[in-house]
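Here is the structure we will look at.
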Amino acid sequence: MSTQPPQPPVPSRLASIAAAIDILDQLPGGNLILTKVEYLLNWGRAASLWPLTFGLACCAIEMMAAFAGRFDLDRIGVIPRATPRQADLMIVAGRCTIKMAPIVRRLWEQMPEPKYVISMGSCATCGGPFYYDNYSILKGIDQVVPVDVYVPGCPPRPEALIEGILKLQEKIKVEPFLRRTVAAQA
Amino acid sequence: MPLRTEQLMLNMGPQHPSTHGVLRLVVTLDGENIVEVQPDIGYLHSSVEKMMEYRTYLMNVALVDRGMDYIAALANEEGYLLAVERLGGIDVPARARWLRTIMLEFQRLSSHLVWLGTWGIDLGATTVFLYCFREREVILDLFEQVTGGRLHHVYFRPGGVYEDLPPGWTDRALAFCDEFPGHLQEYHDLLTGNPIFLARTQGVGVLPKDAAITMGACGPVARASGINFDVRKAFPYEAYGEVEFDIPTFEQGDCFARYLVRMEEMRQSLRIIRQAIEKLPPGEIRSKVQVTVKLPKGEVYARTESPRGDLGVYLVSSGDDMPYRVKIRAPSFSNLYALTEMMRGWKVADVIAILGSVDIVLSDVDR
């Protein structure tokens, strides 16, 4: 009897989606195995970052410009939410005073896990032009909340903010998300 | 038996999507009616007046951009530099004065567009925001080609401006001036004919003329209450004495009148820009001024019309290369206290509409 040459597996719809987001594993029998559930979750989370609309100073105007027509953050899944309970990203845009710092901390605490912080602009990163001779501005928002991505600039252009969000997405995509949650529950 | 009611204290802010920054309003309510509004400020106090005492006159230009009204950075530079130039007797060449006028009016346009867009969001008209920011990006492009910055320009210098216009800029600016009235009509179509918008703004938050004078309201807020005063007309600076424009005033004093004043101001700004580009003289853009310029001993008060109103800078010099004391009379600050008068007696739902119509910038209030 003649031996048939091995047929390539017919790509199903699921397989083509899996190939598109790079979670397809192929075994010698042609079996598809979706091993990286974590990867899929992270991919989903990275593509729908909902920031808290929280403007402090000048950078908030550039943040608004990034949400508006020309730069359009909606197209990478970033949709502003007005309440910390629905947000998973906090963009600290602008200088933070010592009077405002406890409120920023409280807002961060009100956000559900997992949550991320982008420090936008020099003032939020290190005090910026208000570093010297100043008694009222906090020298960097990282004294109050943990920061994931720093965006430099005074103020950063909307392109710079988009770059910061893309960097955060890269960071989310390689995060041990499930293990982190288990560790937190234990 | 009369129903016993209690007054309720409602905290609005400092984190609220409609407070335009970090303002906390302590609203005392009787049922749904506002008894009293007490603004709590200082959440953005950046001690700019103190910092200016430790920086040279040139360095302070960059500081007033950020530390004061950040939506209209050039207007701050103008207010500050007018004081410096008056005290030092620094001469500004004619071309620089006209360039400043053009830039200041573009700044007024972009500032009013931010106000209109954010107020539209506050009142539930999200489309206006997208339309306004579309036009604002064109203005920011024009700014960027001249000054290099989108928001903070550091373009004015003691004794002139930093750079001349790039080739072809005036054509692009005029092209914008030609198309902008059409966009202005779009905003009118979206808002002025909108029954929801009219119900939320017409007759709401009335500020009577005498109250406006007593509370020190200035700028578009005062002009919407029937006060025909504009610093550009009353005490002309730069090239404002040589251009023709009207001051829109309305008698009603409500939110709708404040909206109409700003919409008409945008049209007048276009008029000024057109005339200024036409009359723009050739020549020097900057007089010879030392980098560490020393001003003679003395004091001066300079007032300008920023997009928010009467911006005054009081500057004291002790003969050094740094100011001895700078006091900024911020337009948003006095308008914020006129707000308490506007809100009294209205419903709690009107707070947002009234607050947005005043157009305060918290950085300007707190400095």
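Residue numbering restarts at 1 for every chain, and letters A, B, ... go by the order of the sequence lines.
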| query | Do you know which of Ala57(A), Ala68(A), Gly69(A) has the most heavy-atom pairs with chain B at a distance under 4.5 angstrom? | reply | Ala57(A)
| field | Contact class of Phe71(A) relative to chain B, heavy atoms under 4.5 angstrom | value | side chain
| task | Give, as side chain, backbone, both or neither, the part of Ala60(A) having an atom under 4.5 angstrom from any heavy atom of chain B. | result | neither
| task | Check Arg55(B) against Tyr132(A) and note the closest heavy-atom contact, atom names and distance. | result | NH2-O, 3.8 Å
| request: Drop me the distance from Leu140(B)'s CG to Glu62(A)'s CD, to the nearest 0.5 angstrom. | output: 7.0 Å
| Ile79(A), CD1 atom: more than 12 neighbouring heavy atoms under 6.0 Å | yes
| query | Do Asn134(A) side-chain atoms and Ser46(B) backbone N/O form a donor-acceptor pair below 3.5 Å? | reply | yes
| field | Proximal component of Ile98(A), with respect to chain B [non-hydrogen, under 4.5 Å] | value | neither
| Interatomic distance, Arg66(B) atom CZ to Cys59(A) atom SG [nearest 0.5 angstrom] | 9.5 Å
| field | Under 3.5 Å donor-acceptor, Arg150(B) side chain and Pro158(A) backbone | value | no
| said: I'd like to know whether Leu44(B) forms a side chain to side chain contact (heavy atoms under 4.5 Å, CB included) with Met100(A), so could you lay out the CA-CA distance, the side-chain angles of the two residues, the decisive distance to 0.1 Å, and finally the verdict. | reply: CA-CA 8 Å; Leu44(B) 202 57; Met100(A) 191 66 196; over 6 Å; no
| Is there a salt bridge (charged side-chain N to carboxylate O under 4.0 Å, His left out) between Lys99(A) and Asp366(B) once you walk through the steps? | CA-CA 12 Å; Lys99(A) 185 174 180 179; Asp366(B) 296 337; over 6 Å; no
| task | Before accepting this row, confirm whether a basic side-chain N of the pair Arg70(A)/Asp141(B) lies closer than 4.0 Å to the acidic partner's carboxylate O. | result | yes
| request: Please say whether more than 12 non-hydrogen atoms of neighbouring residues, nucleotides or ligands are located less than 6.0 Å from OH in Tyr324(B). | output: no
| said: If you define the side chain from C-beta out and look only at heavy atoms, does anything of Lys50(B) sit under 4.5 Å from Asp133(A)? | reply: no
| query | Are more than 12 heavy atoms from other residues, nucleotides or ligands located less than 6.0 Å from atom OH of Tyr131(A)? | reply | no
| Given that the side chain runs from C-beta out, which part of Phe129(B) has a heavy atom under 4.5 Å from chain A: side chain, backbone, both or neither? | side chain
| Does atom CZ of Arg325(B) have more than 12 heavy-atom neighbours, drawn from other residues, nucleotides or ligands, at distances under 6.0 Å? | yes
| message | So for Cys154(A), is it side chain, backbone, both, or neither that comes closer than 4.5 Å to the heavy atoms of chain B? | response | both
| Heavy-atom contact with chain B under 4.5 Å, split by part of Leu56(A) | both
| note | Whatever's closer than 4.5 Å to a heavy atom in chain A on Asp364(B) counts as neither
| Side chain, backbone, both or neither: which part of Leu151(B) has a heavy atom under 4.5 Å from chain A? | side chain
| remark: Honestly, the part of Glu135(B) sitting under 4.5 Å from a heavy atom of chain A is neither
| What is the distance from atom CD1 of Ile137(A) to atom CE of Met51(B), rounded to the nearest 0.5 Å? | 8.0 Å
| task | Please tell me if the side chains of Arg136(B) and Ile61(A) come closer than 4.5 Å, counting only heavy atoms from C-beta onward. | result | yes
| field | Other residues, nucleotides, ligands: >12 heavy atoms within 6.0 Å of Lys167(A) NZ | value | no
| query | Given that the side chain runs from C-beta out, which part of Val48(B) has a heavy atom under 4.5 Å from chain A: side chain, backbone, both or neither? | reply | side chain
| said: Shorter than 4.5 Å, heavy atoms on both sides: which option in Glu137(B), Glu53(B), Arg134(B) has the most such pairs with chain A? | reply: Glu137(B)
